[in-house]
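Since the structure is predicted, the reported quantities are computational estimates derived from the model, not experimental observations. Just so we're on the same page: letters track the sequence lines, and every chain starts at 1. Just the heavy atoms: all of them, side chains too, but no hydrogens, waters or symmetry mates, feed the values below.
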Amino acid sequence: MDIDLLIRQLINSLNTGSIYALVAIGYTMVYGIIRLINFAHGEIMMFGAYFAFVIATSLPVELPFFLIVIISMGLAALMGIFSEKIAYKKLRTAPRISALITAIGMSLFLQNFAQLLFGATPKVMPRFITAAPIMIGNTAVSMVTVYTIFMSIIIMVLLTLFVKKTKAGKAMRAVSQDKDAALLMGININRIISLTFAIGSALGALGGIFYSVAYSQVYPTLGVMPGLKAFIAAVFGGIGNIGGAVLGGYTIGFIETMTKGYISSKWADAIVFSVLILVLLFKPSGILGKNVKEKV
Amino acid sequence: MALLEVKDLTIRFGGLTAVDNFELILESNELVGLIGPNGAGKTTIFNLLTGVYAPTEGSIHVDGVNTKNKKPNQIVMLGSSRTFQNIRLFKDMSVIDNIKVAYHNQMTYNLLSSIVKNKKFRREEQEAVDVAVELLKVFGLEQFQNELAKNLPYGKQRKLEIARALATNPKILLLDEPAAGMNPQETEELMETIKLVKERFKVSVLLIEHDMKLVMGICERIIVVDYGKIIAKGSPKEIRKDKAVIKAYLGE
Amino acid sequence: MGLSKLFGTVLPHKAYKKLSISTVFINLAFVTIIFLVLNTLINTGILNRYYSTIIVLVLVAIVMSASLNIATGFLGQLVLGHAGFMAIGAYTAALIGIALYPVITDGFLFLSRNLLIFLISASGAALTASIAGLLVGTPALRLRGDYLGIMTLGFGEIVRIILTNVEFTGGAQGLKAIPRIMTFPIAFWTTATIVLVIYLFMFSRHGRAILSIREDEIASESVGINITKYKIMGFVLASMFGGIGGAIFAFQGGFLAPVSFGFIKSVEIFVIVVLGGMGSISGAIVAAIFLTFLPELLRDFDQYRLLLYSMMLILTMLFRPQGMMGTKEFDTPRYLRALKRFFLRKKKTDDLLKGSDQ
């Protein structure tokens with residue numbers, strides 16, 4: 001057994017897992033609050049990466065990476081809020097399948113809109129973080145990876161604190177439990193839903209930026225595969241559960257990286273999809289999710 | 001042998017015992033009321049009888065057959081059919097198609113017949129239409145047969161649900177609060193219809209109501225449950241005087 | 001039988017809206033006329049090869065959406081991996097076709113060589129696709145709504161990845177040298193047959209059982225429908241016809257690549273069903289024609305095609321969630337009657353006008 005290779009793979013899976021976890025949180029939060037699989041979330045992630053790309057390459061002044069990330073996350077948050085207001089709000093009381101179809105439509109729309117704006121050919125993403133790699137044993141770990149892992153973990157801790165401790169976070173949990181009751185308690189549901197979309201989209205954008213920096217590319221279909229896998233992660237952990245999304249993100253990242261490293265990179269995606277199907281079949285509510293039965 | 005025989009029926013959801021040692025013997029052509037305050041476990045008993053839930057303990061025999069491990073559709077074929085408290089019609093299908101769906105198991109033609117439309121297909125489909133129209137007439141719904149079920153007024157939807165249950169050719173009819181949401185006059189009418197249905201179709205009826213007065217008039221026997229347990233049973237006259245029942249309904 | 005005995009013999013009821021034989025014949029005549037017109041136009045070269053290809057692609061889209069309609073429109077189950085069944089059918093048919101083409105060098109009885117090869121290959125496609133439908137449908141019974149959609153999406157992706165990575169399907173480079181035996185008449189009558197069969201099926205006790213599951217599973221079970229059996233039946237029929245659609249597609253292009261059967265393809269089929277009206281076969285047909293022709297006419301604007309699709313999808317859901325036709329069906333005799341009434345009335349008014357003139 002090659003220890004260096006193993007360390008390399010473990011770090012890679014932490015890196016991929018962090019990105020999946022960030023994106024999965026967006027899926028899970030939106031699902032928790034309006035019971036919608038927001039198919040367009042992967043595209044918000046993609047737009048996040050494009051925002052960073054545009055800010056970094058077209059502004060006359062060179063902004064620090066941190067600022068670029070914040071602005072991109074803010075723009076993505078706005079985009080998330082608008083997408084909800086335009087496409088999903090009217091369908092809150094409609095059958096769930098209608099909202100889901102709309103979300104698929106929104107996903108395709110954003111994808112093709114990006115293609116129209118930026119062209120289909122991949123753009124080279126600036127490297128942003130140029131600091132020298134650090135060494136763990138004999139393995140060089142790039143600072144991008146270090147940033148990705150640590151920033152993701154910090155953000156996830158902050159989010160947990162936000163949801164658990166703040167008033168808005170409590171309101172959010174209340175709305176996800178029972179919208180009508182929350183309304184009667186004087187919670188502004190529209191605001192809470194907007195806030196959820198904003199946070200989810202911002203985290204998705206962050207994931208998108210890290211993803212595109214890691215592969216140094218940005219293109220219109222960038223969000224499709226990681227988006228799907230992040231969704232699988234959310235389902236794996238138990239959709240609607242933030243802790244579950246994080247657990248799922250790292251698990252899927254681990255499975256994918258290890259398959260690529262030790263089995264075959266050609267079959268990695270097939271294995272991740274098989275994991276999805278198995279989870280759906282044997283524990284559709286996910287590892288940390290609760291089972292809900294229909295009332296007769 | 002009794003048509004429906006229920007022994008020691010118990011179901012627990014986690015720590016909660018929703019139905020506790022429920023017993024019932026229903027003979028043919030009986031009309032029995034199952035009453036109790038809200039949340040007493042009446043609908044849960046129905047869900048157990050129809051196979052929606054599997055009991056934790058106890059047994060149910062429909063027409064002499066144990067329903068253990070049987071699915072709801074198999075129990076229907078043994079001869080027990082139900083309606084729902086919160087109407088469950090096939091909303092986007094026509095009124096007559098609602099009945100025809102329930103007549104499904106009375107027909108036998110196979111997949112190929114439905115493609116080639118052979119004689120058997122035509123005979124059975126015609127029969128289904130005839131039966132459906134007659135059933136609708138019983139409930140005064142025949143002029144609505146081509147309407148979508150969702151466009152019927154509330155009271156008529158309740159009636160359609162009973163008609164649909166009858167189309168499965170049951171021996172036992174389980175009605176879950178059939179008069180819910182109806183005004184007193186409609187309720188009275190419905191109770192008369194139920195009596196008539198019982199005589200005409202030779203079915204036994206088990207009727208859930210939480211309003212006691214309604215069932216007093218038509219039921220021969222009444223069983224009262226509270227907190228999942230039987231607290232009284234007997235003729236309407238006996239029930240009216242029963243202390244436990246009065247307590248359950250009026251509180252201490 | 002008990003109930004009908006109880007009621008005794010009842011006279012046939014007037015309001016019985018049955019699918020009468022004459023209705024079938026009038027619709028069939030209508031379809032034949034369309035065939036003759038198109039066939040003449042193609043044979044005389046008025047519609048060139050480019051257009052005849054598009055027409056066959058429209059037919060494929062009709063088969064795909066009509067079949068998906070069984071699972072999504074009638075059974076009410078969200079399927080986002082229909083392209084997976086199409087792919088299985090297409091590759092099966094192509095591989096059988098490649099093997100048979102050198103062997104079968106002549107027609108048999110009244111069957112031409114092309115038709116013979118197609119029938120055998122399409123049967124194979126129907127078989128493998130329905131086995132896949134059974135494999136996906138059986139476990140999928142435990143899932144509902146969006147979860148089922150995601151599972152079928154996963155299935156579609158797995159099929160695509162397998163086709164990309166195994167040798168005998170030609171891998172990512174695709175499967176080449178498939179005999180191009182597809183002719184307009186074969187494609188047309190295969191499509192017409194499939195649509196007719198689905199239509200007839202839906203007007204039977206089996207079809208009604210499937211519809212009742214869409215409406216309310218619990219109620220359906222409570223009136224004695226074996227929902228497990230009918231869900232599997234719905235899935236298998238949908239995948240089987242989807243596989244045949246794939247077979248037509250394979251012999252039309254002569255070339256198959258896994259990328260043609262990705263998630264986008266599944267979504268395209270799905271969009272047709274949604275726009276046509278979930279639960280309406282004729283709606284799906286109209287939408288299939290419209291959505292396949294439109295982008296071809298707008299070839300120069302190819303980059304807008306999916307943009308348009310997606311906007312239509314969103315707008316449909318927001319403003320007309322039941323689609324063009326809802327659950328209604330196109331009914332030629334009814335339209336003929338309406339037309340007749342229209343002309344009669346017009347004639348009457350004309351006469352009246354004439355009368356007043358004099």
Side-chain angles (χ1 to χ4, degrees), chain A residues 31 35-37 39-40 83 86-91 94-116 119-120 221 224-225 228 231-232 234-235 239 264 266-282 284-285 294-296, chain C residues 72 76-78 80 136 138-162 164-166 171-172 217-219 222 262-264 266-268 270-271 273-274 278 303-319 321-322:
Chain A
Y31 191 90
R35 301 282 176 273
L36 164 76
I37 297 175
F39 256 90
S83 70
I86 292 168
Y88 308 144
K89 193 173 173 186
K90 202 179 157 222
L91 294 169
R96 273 165 65 188
I97 193 165
S98 306
L100 188 73
I101 294 169
T102 313
I104 294 173
M106 184 51 97
S107 159
L108 283 179
F109 174 77
L110 290 177
Q111 223 178 84
N112 289 282
F113 187 57
Q115 191 165 328
L116 209 65
T221 52
V224 178
M225 267 299 161
L228 266 178
F231 172 72
I232 295 173
V235 174
I239 195 147
S264 150
K266 285 198 298 190
W267 293 100
D269 286 353
I271 286 178
V272 171
F273 283 115
S274 310
V275 169
L276 167 77
I277 291 179
L278 291 177
V279 171
L280 284 178
L281 290 182
F282 295 107
S285 51
E294 190 180 355
K295 228 186 145 197
V296 181
Chain C
T72 298
Q77 309 291 315
L78 182 61
L80 295 175
V136 179
T138 312
L141 291 172
R142 305 169 52 160
L143 301 171
R144 230 169 245 222
D146 30 21
Y147 279 91
L148 179 68
I150 297 304
M151 189 197 135
T152 51
L153 190 162
F155 157 77
E157 286 300 299
I158 290 176
V159 169
R160 187 182 56 81
I161 295 167
I162 292 175
T164 314
N165 291 327
V166 293
E217 273 185 34
I218 288 166
S222 83
F263 177 53
I264 292 291
S266 295
V267 170
E268 277 178 20
F270 190 74
V271 171
V273 172
V274 172
M278 281 191 274
Q303 75 236 49
Y304 297 106
R305 187 174 63 107
L306 281 165
L307 208 61
L308 203 68
Y309 263 45
S310 53
M311 279 164 73
M312 280 198 286
L313 202 56
I314 297 174
L315 293 176
T316 308
M317 279 301 117
L318 288 179
F319 300 106
Q322 72 272 39

Checklist outcome for this item: Cut-off 4.5 Å, heavy atoms of chain A, and the answer for L153(C) is side chain
Item to check | NZ on K90(A) to CG on L318(C), rounded to 0.5 Å | outcome: 5.5 Å
Checklist entry - Should the pair F39(A) and F263(C) be assigned to parallel (<30°), tilted (30 to 60°) or perpendicular (>60°) ring geometry? => result parallel
Item to check | Residue part contacting chain C, namely of S274(A), when any heavy atom lies under 4.5 Å | outcome: both
Item to check | I86(A) versus chain C, the contacting section by heavy-atom distance below 4.5 Å | outcome: backbone
Next on the checklist: L313(C) vs I101(A), test: side-chain contact (heavy atoms from CB on, under 4.5 Å). Steps then yes/no.
Outcome noted: CA-CA 7 Å; L313(C) 202 56; I101(A) 294 169; 3.7 Å; yes
Checklist entry - What heavy-atom pair brings L91(A) and M317(C) nearest, and what distance separates the two atoms? => result CD2-O, 3.6 Å
Next on the checklist: Could you report the tightest heavy-atom contact between K266(A) and I161(C), atom names first, then the distance?
Outcome noted: O-CG2, 3.8 Å
Checklist entry - Between L80(C) and chain A, which part of the residue has a heavy atom less than 4.5 Å away: side chain, backbone, both or neither? => result side chain
Checklist entry - Between CD1 of I104(A) and OG of S310(C), what distance do you get to the nearest 0.5 Å? => result 12.0 Å
Item to check | Any side-chain heavy-atom pair of D269(A) and E157(C) under 4.5 Å | outcome: no
Item to check | Heavy-atom side-chain contact between I150(C) and L280(A) under 4.5 Å | outcome: yes
Checklist entry - Below 4.5 Å, heavy atoms only, C-beta onward: do M151(C) and V279(A) meet side chain to side chain? => result no
Item to check | chain A contact via L143(C) - side chain, backbone, both or neither, heavy atoms under 4.5 Å | outcome: side chain
Item to check | Student check: side-chain heavy atoms of I239(A) and Y147(C) closer than 4.5 Å | outcome: yes
Checklist entry - Relative to chain C, which of V235(A), L100(A), L110(A) shows the most heavy atom pairs under 4.5 Å? => result L100(A)
Checklist entry - Out of curiosity, L108(A) CG to M311(C) CE, how far, rounded to the nearest 0.5 Å? => result 13.0 Å
Item to check | Shortest non-hydrogen contact from F273(A) toward I158(C) | outcome: CB-CG1, 3.6 Å
